[in-house]
Protein chains: 2
Amino acid sequence: MKKRQQPSSIDVAHHAGVSQSAVSRTFSGRSVSEETRRKVLRAADELGYRPNALLRVITQQSNLIGVVMGEITNPFYPEVLEAFLVALEERGYRVMLKHLNGAKDADAAIEEVLAYKVRGIIVTSSYLGPEIAERCAKSDVPVVLFNRLIHGVDVSAISCDNVDAGRMVANLFMDCGFSRPAFISGSLAASSNLDRKKGFFDRLAERGGREPVVFGDEHSYEVGARAAADLLAQPERPDCIFCASDVLAFGAMDTLRAAGCLVPEHVSIVGFDDIPMAAWGAFNLTTLRQPRRRMVKEAVEILLSRIDGSSAKPVRLVPAELVMRGTLKAMA
Amino acid sequence: MKKRQQPSSIDVAHHAGVSQSAVSRTFSGRSVSEETRRKVLRAADELGYRPNALLRVITQQSNLIGVVMGEITNPFYPEVLEAFLVALEERGYRVMLKHLNGAKDADAAIEEVLAYKVRGIIVTSSYLGPEIAERCAKSDVPVVLFNRLIHGVDVSAISCDNVDAGRMVANLFMDCGFSRPAFISGSLAASSNLDRKKGFFDRLAERGGREPVVFGDEHSYEVGARAAADLLAQPERPDCIFCASDVLAFGAMDTLRAAGCLVPEHVSIVGFDDIPMAAWGAFNLTTLRQPRRRMVKEAVEILLSRIDGSSAKPVRLVPAELVMRGTLKAMA
DNA sequence: ATGAAAGCGCTAACAT
DNA sequence: ATGTTAGCGCTTTCAT
């Protein structure tokens with residue numbers, strides 16, 4: 001005799017000799033006599049009963065949040081994911097995590113998550129096309145874009161002020177008196193990279209700097225390494241490199257150093273993100289910190305306020321912070 | 001006039017002028033005339049209807065898998081998490097991700113996940129007490145432990161063969177003729193670290209080596225750095241260090257190098273995990289690879305076979321693989 | 001405080 | 001092929 005099936009509240013009711021509603025009330029913490037509660041809990045324990053949390057989706061509202069995330073293995077994102085999990089769980093939400101492979105299945109992923117009647121969605125993929133954003137905007141469930149701006153579409157978003165950050169780096173390089181800038185980029189399909197590039201290039205131009213050479217296409221160590229190799233092959237070596245992410249910078253630094261090109265003596269490097277590794281002795285990277293705790297906090301706030309009925313769809317920009325470390329040659 | 005509420009299949013049925021079952025059939029892909037299907041899809045589109053995937057938990061079985069994960073920010077785990085997501089989603093499951101803060105709330109986390117009627121659970125926290133494992137064993141929903149062995153409890157588990165890996169390192173050190181071994185450990189509350197230590201110590205003893213000094217208590221860069229500092233303060237410096245994880249090794253290496261102690265000239269280092277960063281130029285770390293794709297694959301296989309009714313609760317050990325890189329001084 | 005009964009959105013079994 | 005009906009496990013009236 002095997003008792004596979006999970007017991008229902010009715011089973012518990014019978015076992016305890018009370019009504020099914022008594023069981024329900026006991027577990028939803030409403031008025032029951034101590035007597036009844038005892039009987040119910042005892043029966044539940046004996047039967048191994050556990051109320052089905054998913055069914056709240058029928059009578060009440062779901063407490064699921066969909067988190068759609070690409071680039072999980074870019075060290076910036078585990079930090080972000082953890083922060084989201086903590087913040088969301090703290091407030092009684094549970095997360096359904098959906099992995100994204102580049103932009104291709106983003107559309108399907110959103111649909112998928114919506115099918116589970118999530119209460120809200122957070123999308124952290126940088127590679128989101130406007131069609132998908134459009135779908136998010138149309139959806140009746142609130143969506144917040146993390147680190148992805150889509151202009152002209154009515155979606156909430158939170159992002160670091162990438163344009164301004166790019167400008168900060170340009171100013172820094174000009175102030176240091178550098179004259180041969182380079183930019184190692186992430187994918188220009190992502191607004192974040194485009195914006196960093198834009199701020200960097202524009203400010204450089206404004207201040208009479210030269211237009212940087214640019215390499216790279218994705219946030220990875222390997223791409224950074226290859227870009228640096230390409231840079232070394234140029235007729236004229238750069239004296240300063242702005243990398244659109246810390247991982248890119250690590251790859252570049254390792255390649256440069258292996259080639260005998262000293263950082264920061266021969267070339268200065270500035271990264272982006274300030275992932276924990278940037279502070280490590282092996283890199284000691286000057287970088288622009290994305291205030292991720294704060295960004296996550298605000299993303300969650302926006303999402304929850306939308307869930308609570310607010311119809312505002314704010315787009316919030318938080319400033320990056322320059323973190324000075326050892327990869328920038330002191331000014332002359 | 002706002003139309004907040006999400007439409008139900010009944011709404012669609014009315015709108016399309018068909019029965020509710022026609023709607024259900026259309027979306028569950030069963031026999032409907034082309035005519036009906038068209039009408040239904042059209043109505044659904046107009047109303048923005050989407051079948052509620054959660055309700056399958058009532059009539060059928062849930063397709064949710066709970067993934068309970070600690071240490072998300074230890075770079076080993078994002079890789080693992082991604083692999084789990086891909087493998088599980090590929091097979092039609094969705095994942096509910098629960099974050100764990102050390103061991104303290106592991107119990108509650110499992111309970112929580114169980115409340116969502118997940119079909120199975122994967123636990124990747126190394127810090128699992130036997131009581132919780134006991135609860136997993138008792139639960140009617142299959143649980144697979146990843147990288148955590150609990151002896152004497154009837155739970156499925158998959159882990160790298162840590163004892164053997166420890167032995168491999170001991171052999172390596174002895175073969176190289178080293179005589180002053182050290183061990184930088186992760187938390188000894190985790191079976192993985194205990195086992196690595198055991199294999200290392202035992203084999204060293206068997207081959208007449210000296211008992212290693214040991215420092216450390218958690219897989220983080222900072223702990224590795226501190227342990228190395230402690231090691232340097234010892235009257236006699238070690239000539240070889242086995243670090244229970246790559247991040248520990250990175251911290252140790254940076255500290256040693258900063259103190260002028262050359263790796264591998266003065267001291268050889270072996271890490272554990274083979275996370276991508278271990279291959280980076282800055283570290284080029286000799287390490288023991290945990291074959292994570294394979295481990296994930298097997299974990300998923302075990303879980304799914306249990307879901308499919310198998311009552312076997314296998315404990316599988318997969319061998320670690322030595323990856324030789326530059327932090328081991330060539331043998332004399 | 002408790003039980004009976006209705007209903008949530010869907011699938012499945014039963015009719016036609 | 002389609003509509004009708006009966007549940008699934010719960011929460012919520014509504015009585016008592």
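Below, read A as the first sequence line, B as the second, and so on, with proteins coming before strands; counting in each chain starts at 1. Quick caveat: nothing in here was measured; it's all calculated off a predicted structure.
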Counting neighbours of NZ on A:K313 that are heavy atoms of other residues, nucleotides or ligands and sit closer than 6.0 Å, is the number greater than 12?
yes

5′-ward residue of the pair B:S8/A:V32 relative to DNA chain C:
A:V32

Can you tell me how far P of D:dC8 sits from CG of B:N52, to the nearest Å?
19 Å

For the pair made of OH in A:Y116 and P in C:dC10, what is the distance, rounded to whole Å?
14 Å

Rounded to whole Å, the CD1-P distance (A:I58 to D:dC8) equals 13 Å

Check if the side chain of B:S21 and the base of D:dT4 share a donor-acceptor pair of N or O atoms closer than 3.5 Å.
yes

Please tell me which of B:K117 and B:V18 maps to the more 5' nucleotide of DNA chain D, matching each residue to the nucleotide holding its nearest heavy atom.
B:V18

Between NE2 of A:H14 and C1' of C:dG3 the distance, given in whole Å, is 12 Å

Under 3.5 Å donor-acceptor pair, B:R25 side-chain atoms to D:dG3 base atoms:
yes

Output the rounded distance in Å from CZ (A:R56) to P (D:dC10).
13 Å

Counting the atoms with a prime plus P, OP1 and OP2 as sugar-phosphate, which does B:F27 contact under 4.0 Å by heavy atoms, base, sugar-phosphate, or nothing?
nothing

Just checking A:S33: base, sugar-phosphate only, or nothing, at a heavy-atom cut-off of under 4.0 Å?
sugar-phosphate

Does A:S19 make a side-chain N or O approach to OP1 or OP2 of C:dT2 shorter than 4.0 Å?
no

Check B:A312 against B:S156 and note the closest heavy-atom contact, atom names and distance.
O-OG, 4.4 Å

Distance, rounded to the nearest Å, where B:N63 contributes CG and C:dT11 contributes P:
13 Å

Figure out the CG/P separation between A:L55 and C:dG7, and round it to whole Å.
18 Å

Rounded at 0.5 Å granularity, tell me how far CZ in A:F146 sits from CE in A:M295.
4.0 Å

Is there, by distance only and without an angle test, a donor paired with an acceptor across the side chain of B:T36 and the base of D:dA1 below 3.5 Å?
no

Assess whether side-chain hydrogen bond (donor to acceptor under 3.5 Å, both in side chains) is satisfied between B:H219 and B:E71, documenting all intermediate values.
CA-CA 9 Å; B:H219 294 303; B:E71 306 171 83; 5.1 Å; no

Picking from D:dT12, C:dC10, C:dC8, the nucleotide nearest the side-chain atoms of A:R30 would be D:dT12

Could you check how far CD1 of A:I10 sits from C1' of D:dT11, rounded to whole Å?
13 Å

Using the rule given for side-chain hydrogen bond (donor to acceptor under 3.5 Å, both in side chains), can you reason through B:E46 versus B:H15, listing the C-alpha separation, both sets of side-chain angles and the distance that settles it, and then say yes or no?
CA-CA 9 Å; B:E46 284 177 19; B:H15 197 79; 2.7 Å; yes

